[in-house]
Amino acid sequence: MTTATATSLRLSRTIKATPQRVFDAWTQPAQMQQWSCPEDATVDDVRVDLRVGGEYQIRMKGSEGHHTAFGTYREIDPPRRLVYTWAWREADHMDTETVVTVEFRPQGEHTEVVIQQDAFPDNDTMAAHEQGWGSCLNRLEALFN
Amino acid sequence: MVTNQRQLDRTFGALADSTRRLILARLAEGDSTVGELARPFEISRPAISKHLRVLERAGLVQRARDGRVSRCALDAGPMRDAALWVETYREFWESQLDSLQEYLESEPAPSAPPVGVDATPTEENSS
């Protein structure tokens with residue numbers, strides 16, 4: 001199930017592994033190297049400094065060349081939750097920075113991985129207006145759908 | 001589709017303010033004068049104008065003089081472009097989750113090291 005708006009994206013998947021295993025796969029470089037890129041690409045290099053304020057970098061090589069994803073960890077709550085920034089760095093420019101929130105929700109022995117990606121930075125007043133914004137967005141999006 | 005990065009950044013920057021989001025929501029209901037827009041907010045006309053300038057610069061609002069008043073109208077184009085850009089990430093994440101699922105579900109579970117211990121994982125042949 002996925003939902004998306006002009007500014008954020010949410011999707012989830014249930015994986016047959018415990019939250020601890022999934023969290024480790026998401027944060028340990030040797031494991032990240034095994035899976036963290038699309039099928040038609042390979043992971044060249046992974047660096048992780050797993051602490052609040054620490055940085056990560058995932059360098060991928062695809063048919064079109066290299067792409068590097070990088071960012072900073074904001075929240076680390078093993079094995080439940082990770083929040084970090086994410087931006088693509090190309091040879092000639094840097095993409096818009098986004099914030100990724102990943103939750104690892106236990107489902108018996110399995111894990112529901114919920115990913116939310118937000119395309120603008122934290123804004124304290126967001127939460128207060130969020131409910132109104134949700135319905136406002138629906139009206140806005142009706143204009144261009 | 002060529003992504004105009006600077007335009008995207010301006011759009012997201014414009015949207016990263018709750019007052020500006022509410023202005024856009026109000027304009028989604030119909031064109032408005034600056035005065036009419038300012039009314040629900042307890043902020044000054046100059047402050048509203050400042051927000052409108054950010055929105056105009058992002059291409060989200062068009063302003064036109066109508067006699068002695070300025071009328072503002074929403075341009076949904078940049079929002080659509082922003083939504084399309086965000087949507088490109090969906091395919092990326094779905095593909096990531098496919099990879100993760102295959103990685104975790106086809107390997108036998110190793111004995112999980114406790115969190116915080118830097119354990120070297122067993123070398124696996126990735127198929």
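The shown structure was predicted, so the numbers you read here are calculated from the model rather than taken from an experiment. Labels below follow one simple rule: chain letters A, B, ... track the order of the sequence lines, proteins then strands, and each chain is numbered from 1. Values reported hereafter were calculated over all heavy atoms of this structure, with side chains retained and with hydrogens, waters and symmetry mates removed.
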query = How long is the span from the CD1 atom in A/Ile15 to the CZ atom in A/Arg21, to the nearest 0.5 Å?
reply = 10.0 Å
task = Kindly write out the residues that satisfy salt bridge (Lys or Arg N to Asp or Glu O under 4.0 Å) with A/Arg51, not counting sequence neighbours, or none if the list is empty.
result = A/Asp49
key: Largest heavy-atom contact set with chain B, pairs under 4.5 Å, which of A/Ile115, A/Val100, A/Leu50   = A/Ile115
query = Taking A/Arg13, A/Lys16, A/Met94 one by one, which has the highest count of heavy-atom pairs under 4.5 Å against chain B?
reply = A/Arg13
request  = Would you sort out whether B/Gln7 and B/Asp9 count as a side-chain hydrogen bond (donor to acceptor under 3.5 Å, both in side chains), showing the intermediate values?
outcome  = CA-CA 5 Å; B/Gln7 174 57 48; B/Asp9 286 344; over 6 Å; no
query = Which residues satisfy the side chain to side chain contact (heavy atoms under 4.5 Å, CB included) test with A/Asp77, sequence neighbours excluded?
reply = A/Arg80, A/Arg81
request  = Let me know if A/Thr14 has heavy atoms under 4.5 Å from chain B in its side chain, its backbone, both or neither.
outcome  = backbone
